[in-house]
Amino acid sequence: MATEHTANAPDDEPAERLNFIEVQVEADLRAGKNGGRLHTRFPPEPNGYLHIGHAKAICVNFGLAEQYAGRCNLRFDDTNPSKEEQEYVDGMREDIAWLGFSWGDREYFASDYFPKLYEWACDLIRAGLAYVDDQSVEEIRAKRGSGHAPGVDSPFRARSAEENLALFAAMRAGEFPDGAKVLRAKIDMAAANMNMRDPVLYRIQRAHHHRTGDEWCIYPLYDFAHGQSDAIEGITHSLCSLEFENHRPLYEWFLDHLDVPYRPRQIEFARLELEYTITSKRKLQQLVSDGFVSGWDDPRMPTLRGLRRRGYTPQSIRTFIDDAGVAKFNGTIPLVKLENALRDELNLSAERRMAVLRPLKVVIEDWPAEQVVERQAINNPEDESAGTRPVHLGRELWIERDDFMEDPPKKYFRLQPGGDVRLRYGCVITCREVVKDASGEVVELRCTHDPETYDGKQPADRKVKGVIHWVSAHDAVRAEVRLYDNLFREPAPLDVPEGESFTSNLNPDSLEVVTDAVVERALAAVEPGQSYQFERLGYFVPDSGDHSPSRPVFNRSVSLRDSWSKQNKS
RNA sequence: UACCCCGUGGUGUAAUUGGCAACACAACUGGUUUUGGUCCAGUCAUUCCAGGUUCGAGUCCUGGCGGGGUAACCA
């Protein structure tokens, strides 16, 4: 009952709600572990372009570093030369920087550590903890056992350290064909955790590596490279996704048995799943190579370059990721959450303009032919400093086809025969006549206007509720507008009947190209990357590839919320 | 099937050492509005189930049920 809140209470902002990783990090920091240091890393494999799922890993790793005055390394996990390419390294750098994170000079490659990893492998052999196995892939798989059955020791498991050392050196020297031999850790073929059943450490693979060229013909596997790379870089918290939980015992086994310079700690969290979206690099690759989309940067793609071209801002993505939270539960985030993050940001920052997507001609009969009235339109009602711009009203103008209905439903308060509507920033007009072509399609509206209704003034005898956007013939510039919708028609695109491909869930209407829109003249000259709200329609951005002043092309980033169409859907 | 992880409103995350289930989004109501946008107010939960410990359990214990991951010479 007592008022414990004074108006200027210094700390009545809600306590920071920590996620489970932050809780552990703070506990470590409090306990004085790692010398009070926090050091994370983002370790992508350069085998594709980064997508919204990676954005979470990026935000978590780099974000944590920012939050606790720590550091975050960028490390390319390039241990499989058959899949990795320089093109992807470049693309990833660009996308991470675009998101607004920097890794300073701490850009590393797992391949930087190949020599050290090789030494460590030899150490393991000398300690009797690794051996060269001559079995084939099939044999190894077959003898690994299953959940119920323990595995069977390899017949080569008992080779001496000397023999193993010699064989491993010969593997490296290229004396055996690909796949002929592997190096395995000697752990426990009966372990309940499959990862501990003598995991493969090195395989022979003659593939050109994007960085080390042909220097190596043997390459370490993920498990043998990752933890040690963390250790080399002094990573304190190695954050990864849930599917590596079962690998943690192995991660720690290497740390236990190798003379590593540091002991990082692995913590797993759930990946981001988004409705109507896939985040499998392989499947995204398929969409690109099978031509379902125009490329990795197609505005419908969940890749960071796709989102960028679509008009998503780095901040909106970071806000979204932040808002989604971090936990171990595997959930799916509603797509509207992403869209709202963009809307919320652009509502505050984007200047407003008028554009008509599907133009319907309006002639104001009682308007003097040559008269042009200049009105000041507010650039951004959320930001007074954005100022105003002139728009010009004339006898002929374009309005949205949707803003006129011959036979409207109840509560439709835009234009209809005999009805009236306000032109945004202009006066009230009344529809006197509907002109149709031979096929019965409405091609023109003949209207009259009330010059006493500027500046929001209502007509004397009635109240006009509807306000519509318009572009006058005087101001109009033709433009192409690309309207994007979800790439998939199902919230869970991967859920398909047996034998069917996820591509059958592709939304055939995910792209609609409008070639004859008209926009305010000023929109022709805008810079790519600059977002605008087209009033009453949504947020749009000039296409970074195709827009030019002589041929304006806009992408719809996201529509405005539309409670009218929502209420009329049922 | 074996092993590992996870179950809190429609959705995603919170809830000091057990102590009034909170925030955001969505949905629904109303209000404001020269954008059917924005903004403002209100409504919306037997914490998967069953036992147990306790003055008191979302939190601890036992057993179920449900979901996810793993069983590559991918990462």
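Quantities reported herein were computed from a predicted structural model and do not represent experimental measurements. Residue numbering restarts at 1 for every chain, and letters A, B, ... go by the order of the sequence lines.
In summary, the aromatic rings of A/Y251 and A/F244 are positioned with their centroids too far apart to meet the 6.0 Å limit. Checked against the 6.0 Å centroid threshold, A/F534 and A/F554 count as a close aromatic pair. For A/Y88 and A/H210, the ring centers sit 6.0 Å or farther from each other. Between A/Y202 and A/F224, the ring center distance clears the sub-6.0 Å criterion.
One interatomic measurement links the two molecules: CG of A/L423 to P of B/U35, which rounds to 13 Å at whole-angstrom precision. The separation between A/E400 atom CD and B/G37 atom P is 17 Å, rounded to whole Å. To the nearest angstrom, P of B/A75 lies 12 Å from OH of A/Y219. What separates NE2 of A/H226 from P of B/C74 is a distance of 17 Å, to the nearest Å. Computed from coordinates, the A/F20 CZ to B/C6 P distance equals 9 Å when rounded to whole Å. Between A/K465 atom NZ and B/U32 atom C1' there is a gap of 10 Å when expressed in whole angstrom units. B/U35 atom P lies 11 Å from atom CZ of A/R352, rounded to whole Å. Residue A/D230 contributes atom CG, which lies 15 Å from atom P of B/A75 at whole-angstrom precision.
Partners of A/R462 under the salt bridge (charged side-chain N to carboxylate O under 4.0 Å, His left out) rule, at least two apart in sequence or in another chain, are A/D420. Here A/D112 pairs with A/R211 under the salt bridge (charged side-chain N to carboxylate O under 4.0 Å, His left out) rule; sequence neighbours left out. Partners of A/K143 according to the side chain to side chain contact (heavy atoms under 4.5 Å, CB included) rule, which considers only residues two or more places apart in sequence or in another chain, are A/Q135, A/V152, A/P155. Listed by chain and number, the residues in a side chain to side chain contact (heavy atoms under 4.5 Å, CB included) with A/A185 are A/I187, A/P199, A/L201, A/W253 (sequence neighbours excluded).
Nearer to the 5' terminus of RNA chain B, by closest-nucleotide assignment, is the contact made by A/V326 (compared with the other of A/E535 and A/V326). Nearest-nucleotide mapping onto RNA chain B: of A/P43 and A/R343, the residue sitting toward the 5' end is A/R343.
Here the side chain of A/E84 is nearest to one of B/U1, B/G37, B/A75, namely B/A75. Side-chain atoms of A/A192 lie closest to B/C3 of the nucleotides B/A14, B/C3, B/U1. Which of B/G36, B/C3, B/A26 sits closest to the side chain of A/D562 comes down to B/G36.
The same atom, P, is picked in B/A75 and in B/A22; the two are 47 Å apart, to the nearest Å. Rounded to the nearest Å, the gap between the C1' atom of B/A24 and that of B/U70 is 34 Å. With both ends at atom C1', the span from B/U43 to B/C48 equals 26 Å, rounded to whole Å. Atom name C1', nucleotides B/U16 and B/U59: the rounded distance is 12 Å, in whole Å. With both ends at atom P, the span from B/C61 to B/G7 equals 13 Å, rounded to whole Å. Of the C1' atoms belonging to B/C40 and B/A45, the separation is 25 Å, rounded to the nearest Å. Taking the C1' atoms as reference points, B/A72 lies 39 Å from B/G10, given to the whole Å. Only the C1' atoms considered, B/A26 is 15 Å distant from B/U13, to the nearest whole Å.
Base orientation of B/A72: syn, the glycosidic angle falling within 90° of 0.
Atom CD1 of A/I399 is separated from atom CZ of A/R358 by 14.0 Å, given to the nearest 0.5 angstrom.
Applying the salt bridge (charged side-chain N to carboxylate O under 4.0 Å, His left out) rule to pairs touching residues 167-180 of chain A yields A/D178-A/R206, sequence neighbours excluded. For residues 375-392 of chain A, every residue pair satisfying the salt bridge (charged side-chain N to carboxylate O under 4.0 Å, His left out) rule, not counting sequence neighbours, is listed here: A/R375-A/D455, A/R389-A/E520. Residue pairs meeting the ring-ring contact (aromatic ring centres under 6.0 Å, His included) criterion with at least one partner in residues 264-286 of chain A, sequence neighbours excluded, do not occur; the list is empty.
The minimum heavy-atom distance linking A/A121 with A/L183 is given by the pair CB-CD2, 3.8 Å.
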Cut-off 3.5 Å, no hydrogens considered: what does the side-chain donor-acceptor table look like for residues 338-346 of chain A, sequence neighbours left out?
| from | atom 1 | to | atom 2 | distance (Å) |
| --- | --- | --- | --- | --- |
| A/N340 | OD1 | A/R343 | NH1 | 3.0 |
| A/N340 | OD1 | A/R561 | NH2 | 2.9 |
| A/N340 | ND2 | A/V336 | O | 3.3 |
| A/R343 | NE | A/S559 | O | 2.7 |
| A/R343 | NH2 | A/S559 | O | 3.1 |
| A/E345 | OE1 | A/T313 | OG1 | 2.4 |
| A/E345 | OE1 | A/S316 | N | 3.1 |
| A/E345 | OE2 | A/T313 | OG1 | 3.3 |

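In this model, a side-chain donor or acceptor of A/E382 finds a partner on the base of B/G37 within 3.5 Å.
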Could you go over nucleotides 7-11 of chain B and give all protein N or O partners under 3.5 Å, atom names and distances?
| from | atom 1 | to | atom 2 | distance (Å) |
| --- | --- | --- | --- | --- |
| B/U11 | O2' | A/T332 | O | 3.4 |

Please write out the pairs of protein N or O atoms and N or O atoms of nucleotides 45-49 of chain B separated by less than 3.5 Å, giving the distance to one decimal.
none

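Taking a pair as Watson-Crick or G-U wobble with both distances under 3.5 Å, the runs of three or more consecutive pairs in RNA chain B are B:1-7 with B:65-71, B:10-13 with B:22-25, B:27-31 with B:39-43, B:48-52 with B:60-64.
A distance cut-off of 5.5 Å between ring centres, combined with a plane angle under 30°, places A/W564 in a stacking arrangement with the base of B/G36.
A salt bridge is defined here as a Lys NZ or Arg NE, NH1 or NH2 lying under 4.0 Å from an Asp or Glu carboxylate O, and A/R248 with A/E268 meets this definition. At a threshold of 4.0 Å, the pair A/E400-A/R536 does not count as salt-bridged, since none of the basic side-chain nitrogens sits closer than that to a carboxylate oxygen. Contact check on A/K83 versus A/E45 returns no salt bridge, with no Lys/Arg side-chain nitrogen under 4.0 Å from an Asp/Glu carboxylate oxygen.
Residue A/R536 places at least one side-chain N or O closer than 4.0 Å to OP1 or OP2 of B/G36. Between B/G37 and A/S563, a contact under 4.0 Å exists linking OP1 or OP2 to a side-chain N or O.
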Task: Summary of protein contacts for nucleotides 67-73 of chain B, nucleotide by nucleotide, where a base hit scores B, a sugar-phosphate-only hit scores S (4.0 Å, heavy atoms) - done: -SBSSSB

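At the heavy-atom level, A/T79 lies under 4.0 Å from the strands shown only through sugar-phosphate atoms. In this structure, A/D223 reaches neither bases nor backbone, as no heavy-atom distance under 4.0 Å exists between it and the strands shown. Nucleic acid contact class of A/F534 (heavy atoms, under 4.0 Å, all strands): none. Within the nucleic acid shown, A/Q533 comes within 4.0 Å of at least one base atom, counting heavy atoms only.
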